[in-house]
Protein chains: 2
Amino acid sequence: MCNYIVDMSDDPASSSPSPFDAMLCFDVYAANLAFGRVYKPLLDPLGLTYPQFLVMLSLWMADGQSVGRIGETLGLDSSTLTPLIKRLEGASLVTRLRDTRDERRVLVSLTPQGAALKSEADRVLTCVTRNTGLESETARQLREQLRQLRRALQQPLKG
Amino acid sequence: MCNYIVDMSDDPASSSPSPFDAMLCFDVYAANLAFGRVYKPLLDPLGLTYPQFLVMLSLWMADGQSVGRIGETLGLDSSTLTPLIKRLEGASLVTRLRDTRDERRVLVSLTPQGAALKSEADRVLTCVTRNTGLESETARQLREQLRQLRRALQQPLKG
DNA sequence: CGGTAATATATCGTGCGCGATATAAGTAAC
DNA sequence: GTTACTTATATCGCGCACGATATATTACCG
């Protein structure tokens, strides 16, 4: 498990402001892929992909959200969500209904089957949490740093 | 910018070991997408996608790596890398040559044009680094935590 | 040496993620 | 109310990410 990019950061020559600090992007990228690989075998039995799982999580927390609202939460737009949610609808996990108060919107709601999947999903979350090897407090701090990073990156580019 | 999932972590009910601690996966996911969006407009002029950029970074650090070696570094396999590298070859940024000492391997090497792109890429890295809003030391610590997380996730599942 | 297992890369199908574009519904100005 | 503008969702094409599979080369073992 030798890794050029990773090892580079331990190179004394790259300490203090250097281009290699920007390789944070790579570690985020690799960590995200690693999560996906852990989730896949756990989510397969539920018939969910990882992004579908995130949409379901959003709905388990607040049912009946519009497509745009879900997209705001997850940072995705309709070109990604529409087909994804249609697949969830095809699996009878959600319904898609036009908002009668604003016909532009589509409200996504859990079916009984979709709602029932929550308990199994909670078990998946617990399993993954164990396998991060992080203390609850450490994970909380890491999440806070990542949210801050995301916020900074969403600002218009400076320079 | 109200976010159900994010806000959930501040709910007192979810402190200490709870399923929501596992939402770390979501913050990693969202941070990765945010990086991709920052990089896109900067990489478009170079004719590179973000994953292609990561492959080039790997080659700028160590030229002439095999496909598998690059995959080890980035956490990708040949089904992703082969077509990606062929596109880099099509753009005349790399060459692909069978290793004469082990004909199973394909060695990927920078062309002069590919090597020349490094200086522009360094500028992109510097620009993104500025926009993470993180001190060099903070970024270093965050990277270390993410690498540790990745390592933990790559272990066989426990439980 | 021959046969089998392991390794390295390539191919294919599916589902994201996103820019560009289209369409329809709501909003504002006059 | 008609025109112009904005908003919400949908469609399309491209490039990744990955499981499953194929093929070729090397390594191992009798």
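Order of the sequence lines sets the chain letters (A, B, ...), proteins ahead of strands, with each chain counted from 1. Every value quoted in this text rests on a predicted model; they were computed, and no experiment measured them.
If you measure from atom CG of B:D77 to atom C1' of D:dT21, you get 12 Å, rounded to the nearest angstrom. At whole-Å resolution of the value, CD1 in A:I70 and P in D:dA8 are 14 Å apart. Spacing between atom CG of A:L107 and atom P of D:dA8 amounts to 12 Å, rounded to whole angstrom units. The CG-P distance, from B:L43 to D:dC16, rounds to 12 Å in whole Å. Per the geometry, CD belonging to A:E89 stands 9 Å off P belonging to D:dA10, to the nearest Å. Taking atom CG of B:L74 as the reference point, atom C1' of D:dC18 lies 15 Å away to the nearest angstrom. One can place CG of B:L88 at 18 Å from P of D:dC14, the figure rounded to the nearest angstrom. Distance B:L97 CG to C:dA10 P: 12 Å, rounded to the nearest Å.
Distances shorter than 4.0 Å separate none of the side-chain N or O atoms of B:R104 from OP1 or OP2 on D:dT26. A close approach under 4.0 Å does not occur between any side-chain nitrogen or oxygen of B:K40 and OP1 or OP2 of D:dC16. The phosphate of D:dA17 (OP1 or OP2) has no side-chain N or O of A:Y50 nearer than 4.0 angstrom. Between A:S79 and C:dG17 there is no side-chain polar atom (N or O) within less than 4.0 angstrom of OP1 or OP2.
Salt bridge annotation for A:R98-A:E103: absent, with no cationic side-chain nitrogen under 4.0 angstrom from a carboxylate oxygen.
Nearest nucleotide to the B:R105 side chain, out of C:dA8, C:dG15, D:dT11: C:dA8. Candidate nucleotides C:dC18, D:dT9, D:dT26 were compared by shortest atom distance to the side chain of A:T82, and D:dT9 ranks first. For A:D102, counting side-chain heavy atoms from C-beta on, the closest listed nucleotide (C:dC16, D:dC18, C:dG26) is C:dG26. For B:L33, the side-chain atoms get nearest to C:dG17 when compared with the rest of D:dT11, D:dT25, C:dG17. Closest contact between the side chain of B:Q52 and the listed nucleotides D:dC16, C:dA25, D:dC18 involves D:dC16. Here the side chain of B:R98 is nearest to one of D:dT9, D:dT11, C:dT9, namely C:dT9. In the set C:dT9, D:dG15, C:dA25, D:dG15 carries the atom at the smallest distance from any side-chain atom of B:R87.
Under the 3.5 Å distance criterion, the side-chain polar atoms of B:T126 are matched with a main-chain donor or acceptor of B:D122. A donor-acceptor distance shorter than 3.5 angstrom exists from the side chain of A:T82 to the backbone of A:S78, with no hydrogens or angles considered. Without hydrogens or angle criteria, B:Q52 side chain to B:T49 main chain gives a donor-acceptor distance under 3.5 Å.
Side-chain contact check for A:Q141 and A:E137: at least one donor-acceptor pair (N or O, by modelled atom type) lies under 3.5 Å.
As judged by a 4.0 angstrom heavy-atom cut-off over every strand, A:L81 is placed among residues making no nucleic acid contact. Within the nucleic acid shown, A:S78 comes within 4.0 Å of at least one base atom, counting heavy atoms only.
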Hey, mind stepping through B:S58 and B:Q65 against side chain to side chain donor-acceptor pair (under 3.5 Å) and telling me if it holds?
CA-CA 9 Å; B:S58 169; B:Q65 293 180 69; 2.9 Å; yes

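Sequence order on DNA chain C of the closest nucleotides to B:T80 and A:P83 puts B:T80 first from the 5' end. In terms of position on DNA chain C, the residue among A:D99 and A:L84 whose nearest nucleotide sits closer to the 5' end is A:L84. The nearest heavy atom of DNA chain D to A:Y29 and to A:V106 marks one nucleotide each, and the one closer to the 5' end goes with A:V106.
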